[in-house]
Participant: 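Would you mind keeping the following structure in view while I ask a few things?
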Amino acid sequence: MSKFNPFEFVQEVRQEVSKVTWPTWKEVWITTLMVLVMVTLASVFFLVTDQVLGHLVNMVLGLRG
């Protein structure tokens, strides 16, 4: 097993980080907005689904409605 060399490790990390393609601020904002829209749509979908299923279960059990 080779011995750990911190200097060599730091050099390798710097090389790898330089290869990364970082997103622009515009890409970050667009992606953030897309995530927020999808979370909102999913929340509304699950709210409606929960309400409908709850109503159906209450009807079947004869609790109300």
Side-chain angles (χ1 to χ4, degrees):
M1 185 177 216
S2 64
K3 194 166 186 169
F4 179 72
N5 183 346
F7 182 71
E8 187 177 319
F9 175 75
V10 170
Q11 282 181 324
E12 291 174 5
V13 168
R14 290 186 69 159
Q15 279 181 328
E16 292 301 317
V17 168
S18 70
K19 295 176 187 177
V20 174
T21 303
W22 298 100
T24 64
W25 277 110
K26 183 179 178 183
E27 292 171 331
V28 170
W29 279 109
I30 289 172
T31 306
T32 301
L33 290 175
M34 288 172 51
V35 167
L36 291 174
V37 167
M38 292 306 295
V39 165
T40 302
L41 290 174
S43 298
V44 170
F45 170 76
F46 285 114
L47 174 67
V48 170
T49 303
D50 181 57
Q51 294 297 315
V52 169
L53 290 175
H55 181 70
L56 291 173
V57 167
N58 285 329
M59 281 178 44
V60 168
L61 296 177
L63 297 175
R64 65 179 166 106

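Heads up: numbering here begins at 1 and tracks the sequence.
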Participant: Taking salt bridge (charged side-chain N to carboxylate O under 4.0 Å, His left out) as the test, write out the residues that go with Glu16, two or more places apart.
Facilitator: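 Glu16 satisfies salt bridge (charged side-chain N to carboxylate O under 4.0 Å, His left out) with Lys19 once adjacent residues are dropped.
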Participant: Could you tell me which residues satisfy ring-ring contact (aromatic ring centres under 6.0 Å, His included) with Phe9, sequence neighbours excluded, listed by chain and number?
Facilitator: Phe4
Participant: Look at the side-chain heavy atoms of Ile, Leu, Val, Met, Phe, Trp and Tyr, link any pair under 4.5 Å apart, and say whether Val52 and Val44 land in one connected group.
Facilitator: yes
Participant: At their closest point, which heavy atom of Thr32 faces which heavy atom of Val28, and how far apart are they?
Facilitator: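 Between these two residues, the closest heavy atoms are OG1-O, 2.7 Å.
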Participant: Output every pair passing ring-ring contact (aromatic ring centres under 6.0 Å, His included) with a member in residues 12-31, not counting sequence neighbours, ordered by first then second residue.
Facilitator: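 Sorted pair list comes back empty.
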Participant: If the condition is side chain to side chain contact (heavy atoms under 4.5 Å, CB included), which residues does Gln51 pass it with, not counting sequence neighbours?
Facilitator: Leu47
Participant: Taking only residues two or more places apart in sequence or in another chain, which ones pass salt bridge (charged side-chain N to carboxylate O under 4.0 Å, His left out) with Lys26?
Facilitator: none
Participant: Could you tell me the separation between the CG atom of Leu36 and the CG atom of Leu41, rounded to the nearest 0.5 Å?
Facilitator: 11.0 Å
Participant: Any chance you could measure Met38, atom CE, to Met34, atom CE, to the nearest 0.5 Å?
Facilitator: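 One finds 8.5 Å between CE of Met38 and CE of Met34.
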Participant: Short question: side chain of Asn58, backbone of Gly54 - any donor-acceptor pair under 3.5 Å?
Facilitator: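 Flag set: sc Asn58 to bb Gly54 pair under 3.5 Å.
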Participant: Could you work out, with side chain to side chain contact (heavy atoms under 4.5 Å, CB included) as the rule, every residue matching Val39, not counting sequence neighbours?
Facilitator: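 Scan of Val39 (side chain to side chain contact (heavy atoms under 4.5 Å, CB included), adjacent residues dropped) gives Val35, Ser43.
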